[in-house]
Amino acid sequence: VVGLYNFINANGEYMIGRVVSGIANKAVELGTTGGLDKGQYIDKFFAEYQFLQSILAIIIQLFLVSRIFKWVGIGGALLFLPFIALGGYGIIAFGATILLLKWVKSLENGTDYSLQKTTMAALFLKTSREEKYKAKAAIDTFFWRGGDTLSAFAVFLGVTYLAATVEGFAALNVVCVVAWIVLSLLIAREYKKIKPPEQAK
């Protein structure tokens, strides 16, 4: 799941970067940047984008995470981010606008930094000490970076050989999100079966 999500997220970051760069080029040509050069125009956009996702992350962490755990449990909380991604990339696949990409990615990243990170950490509460150290080390290194690497390969292949559009990458993400949802359901099912180490003894 971590590898797959990182693949999806990195694809999304490529999409927003590609659209912003194209808009910046047009704005410079038309002289509508407000005196900013292309680099400054892009920096201004990403500063607003980073600020928005940080605000969303704080709001979700402070006011929603504990309530979501109470309402649907850890297994249910696993499904919030993939369904947000499914809706967002599903809409983008039919036409990408910069405002849509900005909000979809901000909500996705804000949910990731708050609810998803907390939920993934909570999954380890039932595991043994050995599982915590061995499994988490593999997840945080190989699978985390593996997703980023696969995304870089997909972007290279899509841009170089397939002339893939932003909408095309969004469609790819939709397919991957469906797989992510299936895996999350399997994880939630297995999580219910696991007993905490002290009870397993």
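From a predicted model like this one, the values you see are computed outputs, not experimental measurements.
For Glu13 and Asn109, the side-chain atoms include at least one donor-acceptor pair closer than 3.5 Å.
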From CA spacing to verdict: salt bridge (charged side-chain N to carboxylate O under 4.0 Å, His left out), Glu108, Lys105: CA-CA 5 Å; Glu108 180 189 352; Lys105 285 300 300 171; 3.1 Å; yes
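Looking only at distances, no side-chain donor or acceptor of Ser151 sits under 3.5 Å from a matching main-chain atom of Gly147. Side-chain atoms of Glu48 never come within 3.5 Å of backbone atoms of Phe45 as a donor-acceptor pair (strictly under, hydrogens ignored). Side-chain atoms of Ser21 never come within 3.5 Å of backbone atoms of Gly17 as a donor-acceptor pair (strictly under, hydrogens ignored). Between the Lys38 side chain and the Val28 main chain, no donor and acceptor come within less than 3.5 Å of each other.
In this structure, Val1 is not a member of the same hydrophobic cluster as Tyr113, with clusters built from ILVMFWY side-chain heavy atoms closer than 4.5 Å. A single hydrophobic cluster is not seen to contain both Leu183 and Ile194; linkage of ILVMFWY side chains at heavy-atom distances under 4.5 Å, directly or through other members, places them apart. Hydrophobic clustering (ILVMFWY, side-chain heavy atoms < 4.5 Å, transitive): Ile60 and Ile74 are in distinct clusters. Linking Ile, Leu, Val, Met, Phe, Trp and Tyr whenever their side-chain heavy atoms come within less than 4.5 Å puts Val174 and Leu185 in one cluster. No path of Ile, Leu, Val, Met, Phe, Trp and Tyr side chains, each step under 4.5 Å between heavy atoms, connects Ile181 with Phe143, placing them in separate hydrophobic clusters.
Proximity of Val159 to Phe169: side-chain heavy atoms (C-beta onward) are separated by under 4.5 Å at one or more points. With a 4.5 Å cut-off on side-chain heavy atoms, Tyr5 and Gln116 do not count as touching. Contact check for Trp103 versus Leu52: side-chain heavy atoms found under the 4.5 Å cut-off. A 4.5 Å side-chain heavy-atom check between Ile139 and Phe124 finds at least one atom pair inside the cut-off.
Closest approach of Ala77 and Thr119 over heavy atoms only: CB-OG1, 3.6 Å. Nearest heavy-atom pair across Val177 and Ala85 is CG2-CB, 3.9 Å. Among all heavy-atom pairs drawn from Cys176 and Phe7, the shortest one is SG-CE2, 3.5 Å. When every heavy atom of Tyr89 is checked against every heavy atom of Met15, the shortest pair comes out as CE2-CE, 3.3 Å. What you find for Ala24 and Ile42 is that their closest heavy atoms are CB-CG1, 3.8 Å. Considering all non-hydrogen atoms of both residues, Lys44 and Leu36 come closest at CD-CD1, 3.8 Å.
Annotation: the span from Leu79 atom CG to Trp180 atom CH2 amounts to 10.0 Å, rounded to 0.5 Å. Atom CG of Asn11 and atom CG of Asn6 lie 10.5 Å apart (nearest 0.5 Å). Atom CG of Leu78 sits about 12.0 Å away from atom CZ of Phe83, to the nearest 0.5 Å. Here the CD-OG1 distance, from Gln61 to Thr118, works out to 4.0 Å after rounding to the nearest 0.5 Å. Atom CZ of residue Arg67 and atom CG of residue Leu62 lie 10.0 Å apart, to the nearest 0.5 angstrom. The line from OG of Ser66 to CG of Leu115 is 10.5 Å long, rounded to the nearest 0.5 Å.
Counting heavy atoms of neighbouring residues, nucleotides and ligands inside a 6.0 Å radius, atom NZ of Lys117 exceeds 12 of them.
Ring-plane geometry between Tyr49 and Phe46 is classed as perpendicular, the angle between the planes exceeding 60 degrees on a 0 to 90 degree scale with a lower cut at 30. By the 30° and 60° cut-offs, the orientation of the rings of Phe156 relative to Tyr161 is perpendicular.
Of the charged side-chain nitrogens involved, at least one lies within less than 4.0 Å of a carboxylate oxygen, so that Glu190 and Lys193 count as a salt-bridged pair.
For the pairing with Thr111, the side-chain contact (heavy atoms from CB on, under 4.5 Å) check across Leu81, Leu64, Val65, Leu56 returns one residue only, Leu81.
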